[in-house]
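Here is the structure we will look at.
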Protein chains: 2
Amino acid sequence: MATTTAAQKRAQAKADYDAFLAQCPSRKLLDRIADKWVTLVLSALGSDGSHRFGADCAGEPRPMRYSELSRLLAGVSQKMLTQTLRSLERDGLITRTVTPTVPVTVTYELTGLGLSLHDTVRALKAWAETHMDDVLANRETYDNHAE
Amino acid sequence: MATTTAAQKRAQAKADYDAFLAQCPSRKLLDRIADKWVTLVLSALGSDGSHRFGADCAGEPRPMRYSELSRLLAGVSQKMLTQTLRSLERDGLITRTVTPTVPVTVTYELTGLGLSLHDTVRALKAWAETHMDDVLANRETYDNHAE
DNA sequence: GGGGGTAGCTTCCTGATGGGAAGTGGGCAC
DNA sequence: GTGCCCACTTCCCATCAGGAAGCTACCCCC
């Protein structure tokens, strides 16, 4: 009781945190969708992926194949792509369709729910594209100031 | 040339990726803002943090202290909070103000740029709160189906 | 009929990364 | 002076993401 006032407070905070999460699952969901690959996958599936992210690239939603997504989201590892797609499917944001052609074709498509999220994700992407120059300028200023 | 067709394609994809990122920094920025702590910090600074995430909690933006943020974003480690705040400051989304009271007081506040991002982040949070039940239902269905 | 090729994963290993907890500095209350 | 508070910073370790290779199921070509 003598030396642990701050530590005790932290322990208490952690206990509160667990209780908080339990009664506030929307926070968990926010954690989930605020993920780089999630936003990129939704973004890709939502706009038609006419290669290159720049400009608008806002064609309209259409189903895409695994390999197509892999190409479009240059840099995603197969593991993370699979993982992200699975979790999005589980959450009901996309559907996974296996067509027994040869070789097997797997397509992913936004559901209505996924489409509604896509709208806000697109806003996020639009923000990034619009304000990128500002951010870059700010970074330069900051870095120069701090030497 | 005989056995590496697929591997070569992957190597090529990686090279493309680097070139892609170099000429498309908005993608990098999107990666950055699509981060769980970033969204939560913006969310906290944007709405007045009248404790509890639920409902709207959409008071209006106001400066907050480090310890206040720490309390509000229950579960954030001090390290990540500091790190996130620094990067947001560097990007010009928030300002950091040190007031030499005693003990020293540090406040963080959204800039105009940060405020504009906050609007879309709020939309994301609103989506999470609105559609959480749907997502939860979908998960249950999915889990039951797959045993 | 078997060697090679393709799509879509899955597994293994390793390096990066996030969390926990303890330490720091400066000033003031006791 | 002893010790505490705020806002960090540092160290250590558990977890996690990425890279590469393997795997399965099928077909084509010779």
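Note that these values count all heavy atoms, side chains included, but never hydrogens, waters or copies made by symmetry. Proteins get letters first, then strands, A, B, ... in listed order; numbering begins at 1 in each.
Atom CG of A:L81 and atom C1' of C:dT10 are 13 Å apart (whole Å). Between B:M64 atom CE and D:dA7 atom C1' the separation is 17 Å, expressed in whole Å. With rounding to whole Å, B:L73 atom CG is found 12 Å from C:dG19 atom P. B:L85 has its CG atom 8 Å from the P atom of D:dC8, to the nearest Å. When the C1' atom of D:dC5 is taken as reference, atom CD of B:Q78 falls 13 Å away, rounded to whole Å. In this structure, B:L40 places its CG atom 14 Å from P of C:dG18, rounding to the nearest Å. Taking atom CE of B:M80 as the reference point, atom C1' of C:dA21 lies 17 Å away to the nearest angstrom.
Among the nucleotides D:dG18, C:dG8, D:dC8, the one closest to the side chain of A:S77 is D:dG18.
The phosphate of C:dG8 (OP1 or OP2) has a side-chain N or O of A:S67 nearer than 4.0 angstrom. Side-chain nitrogen and oxygen atoms of B:W37 include none within less than 4.0 Å of the OP1 or OP2 phosphate oxygen of C:dT17. For the OP1/OP2 pair of D:dC8 and a distance below 4.0 Å, the side-chain nitrogens and oxygens of B:Y108 include at least one atom meeting the criterion. Remark: B:R65 is in phosphate contact with D:dA7, judged by side-chain N or O atoms under 4.0 Å from OP1 or OP2. At least one side-chain nitrogen or oxygen of B:R86 sits closer than 4.0 Å to the OP1 or OP2 atom of D:dC8. Using a 4.0 Å cut-off, some side-chain N or O of B:R96 falls inside it from OP1 or OP2 of D:dC8. Note on B:Q83: a side-chain N or O is less than 4.0 Å away from OP1 or OP2 of C:dG18.
Of the two residues near DNA chain C, A:T105 and A:K79, the one whose nearest nucleotide lies more 5' is A:T105.
Between the side chain of B:Y108 and the backbone N or O of B:V41 there is no donor-acceptor pair closer than 3.5 Å.
Atom CG of A:L88 is separated from atom CZ of A:R90 by 11.5 Å, given to the nearest 0.5 angstrom. Here the CG-OG distance, from A:L124 to A:S43, works out to 9.0 Å after rounding to the nearest 0.5 Å.
Ionic pairing of A:D35 and B:K36 is not present here: no N-O contact between side-chain nitrogen and carboxylate oxygen is shorter than 4.0 angstrom.
For the residue pair B:T105 and B:T101, a side-chain donor N or O sits within less than 3.5 Å of a side-chain acceptor on the partner.
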